[in-house]
Amino acid sequence: MTDSANGQDYLPHLQEARSREPQDGYDTAVLSPGEQQLFGLEARNVSAWFSGHKVLERVSLHMEPGKVTALIGPSGCGKSTFLRILNRMHEMVQGAQLAGQVLLGGHDIYDPVVRPAEVRRRIGMVFQKPNPFPAMSIYDNVASGLKLSGIKVPDTSDLVEDSLRRAGLWQEVHRRLRSPGGALSGGQQQRLCIARSLAIAPDVLLMDEPCSALDPTSTNKIEETIAELSDQVTIVIVTHNMQQAHRVSENCAFFLATHDTPGYIVEFGPTEQMFTNPADQRTSDYVNGRFG
Amino acid sequence: MTTVGTSPRQPGLASVDEPIRIRTVTPEDVLTLVGAAIGALGLDWLVYERLLPFTGALGFWVCWYVLFALFYIAAAAMRWSRLVVRDKAIAVLVSTGGIFATAVVVDQIAYSFVKSLPAIVHPNFWTQTMVNTAVLQPLSSGGIVHAAVGSVEQLAIATVLSVPLGITAAVFLAEIGGALARPVRTIVNAMTALPSIIAGLLVYALVVLSFGLGKCGLAAGIAISIVMLPTVTRAAEVVLRVVPGTLREASFALGASHWRTVWKVILPTARSGLATAVVLAMARGIGETAPVLLVAGFSDTMNANAFQGWQATLPTLIFNNVFVEGEYPKLVERAFGAGFALMLVVVVLFAIARFLGGKRPGELTKRQVRQLRREAEQP
Ligand SMILES: Nc1ncnc2c1ncn2[C@@H]1O[C@H](COP(=O)(O)OP(=O)(O)OP(=O)(O)O)[C@@H](O)[C@H]1O
Ligand SMILES: [Mg+2]
């Protein structure tokens, strides 16, 4: 869904930023098969600190529009931090700081005229632990993004159904849309969270280990969901599961941090190449499970 | 009918499968307990009534309890291991403590109920005022409806004033915080410790005298709201703080502003806890006596206008009836009746709060259950 599909402008600030000159040649907006504008993300020299302690060092990464980019790397190397920088969730943590630029379709999301809430609406996020709103029904959970970000759509129930279908959950819940969101299995809750993110038509979907708490069947379902979504939204996914990274992603970035150096990207490239013929020995060790 | 969620029965399986009953209390446990209780009673009687030069029911039962605990531990030690004995002993001590606390409450309620019976059985007690009833007249004349009306009106005013303010303050403390949160929290804590008569004096000086409102129900409502405010704020802050941070993050990640997150996610999630906070404060507020007496005066007549004229409330009626000069047993019985009415109001308040704040998050209401069933029955 493009911005104008809802019949109104709800992006004044980002559009304001957009009406300025794009900051470089990468205007990553392209058209998908469905005539839909897709936006990529571009991180430039991103560094991050927690209370003065540096955890990311000049990370630059291009996440192509309409493709799935996987972030892999050992625990604590800054993948989640990087992901949260991509939709301005990092700044919510007390004592967190960052440097660098993140461009959505060529425009810096850290531009002072851009509201953080606007960025987060356009760059959705699915968390490691499913977090549906317990006080809301399944239906209201999916529709919550509309209320929370102040979007009006002509037909909410259509949108809810569409989002649930895209998240692969419709079949399982369409008979009990009014029951509480917490009354689902973990895997269903996670797909509910995906549906909730999709309902506000984000340009980019960030997923932080979305399957780490799930069984193989639910994982499978979510991977299918990702595959179906990938030509509609740009997806960035953090995963510890090498097979999963291999299966779902087109591009892959390998992060690494040692105890005295902050996290950085060792290697970035097409997933196939990263897994079969990596340039760096450490990448090869990691994807083959030979890493300390 | 739908068969979602039920698998066809496997052939060869028994057609009934009853859930097993998991028993945590064995007959042995019960007998040990009863044995210790009876044994302690016997020894206690012997020692206390025959050997020692003490008398009195209280001492008797205290001794009995100590003996009972010792007997129980000794009996348990004969059969079970140290760890189990310690576990069981603590379980028994804690449960008897709980039973004792409950018994005290039940005793108080039952006592005032029994004492109030002579008054509350008369229908006129619930429908009349004291305007035409002298102190010596029988209980078949006069009632407390004027005080009940005053109580309810003043409590309503106090609730309307203190709850929005208190919850706003709690949202500020729990959600926004910052440098200003500290002094605010200190003041709220100090207000909790504020003797309520001070609130009464404050309102008396500011509202009744300076503002020229005169003694009235509104002034009392304001005084009660000062008493309720810190209770609401502190309880609500605690409730807001236990809303998981992951929900807050989820809301922000959907593009919500801080304000919308609070309004649409945090407050609804904390709803039942907030209802409890409000009831706690109301239960505290309705019992206020001294400040109300100070700023609303007292009256034997019905005055439903909270904005003008003196008003009686249930607690001030109790106070007046008992402390009136000379002894009037009928007035004391009326006071007990008013006390019963007061407890009734509190119970009703609790029921309302349970109903409104209701279900734990995620729990279905009856209506939702019915709707689900209807939806499931549709082909
Ligand atoms: N809130 C925080 N405060 C202080 N330090 C933090 C905070 N969150 C993360 N860190 C630190 O930042 C570094 C990167 O953390 P991050 O969560 O990004 O790692 P990760 O790659 O996502 O790890 P995992 O795979 O285990 O999720 C770690 O060293 C961690 O200790
Ligand atoms: Mg992480």
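Heavy-atom basis, side chains included; hydrogens, waters and symmetry copies ignored. Numbers restart at 1 for each chain; the letters A, B, ... are given by sequence-line order, proteins then strands.
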Are Ser144(A) and Val265(B) packed together at the side-chain level, in the sense that at least one heavy-atom pair is separated by less than 4.5 angstrom? no
Chain B contact via Arg88(A) - side chain, backbone, both or neither, heavy atoms under 4.5 Å: neither
Looking only at heavy atoms, the pair that brings Leu148(A) and Arg260(B) closest together is O-CD, 3.1 Å
Contacting region of Ser251(B) [heavy-atom separation from chain A under 4.5 Å]: both
Does Arg241(B) CZ have over 12 foreign heavy atoms under 6.0 Å away? yes
Does some side-chain heavy atom of Phe133(A) sit less than 4.5 Å from a side-chain heavy atom of Thr269(B)? no
Met125(A) to Ala253(B) - nearest heavy-atom pair and separation: CB-CB, 4.0 Å
Test side chain to side chain contact (heavy atoms under 4.5 Å, CB included) applied to Leu254(B) and Lys147(A), Arg121(A), Arg196(A), Arg120(A), the passing residue: Arg196(A)
Shortest non-hydrogen pair, Leu247(B) vs Pro134(A), comes out as CD1-CD, 3.5 Å
Answer with side chain, backbone, both or neither: which region of Pro116(A) has an atom nearer than 4.5 Å to a non-hydrogen atom of chain B? neither
If you count the non-hydrogen atoms of other residues, nucleotides and ligands that lie under 6.0 Å from CH2 in Trp263(B), is the total more than 12? no
Distance-minimising heavy-atom pair for Ala256(B) and Ala117(A): O-CB, 4.2 Å
Do Glu249(B) and Met92(A) have side chains that approach each other closer than 4.5 Å (heavy atoms only, starting at C-beta)? no
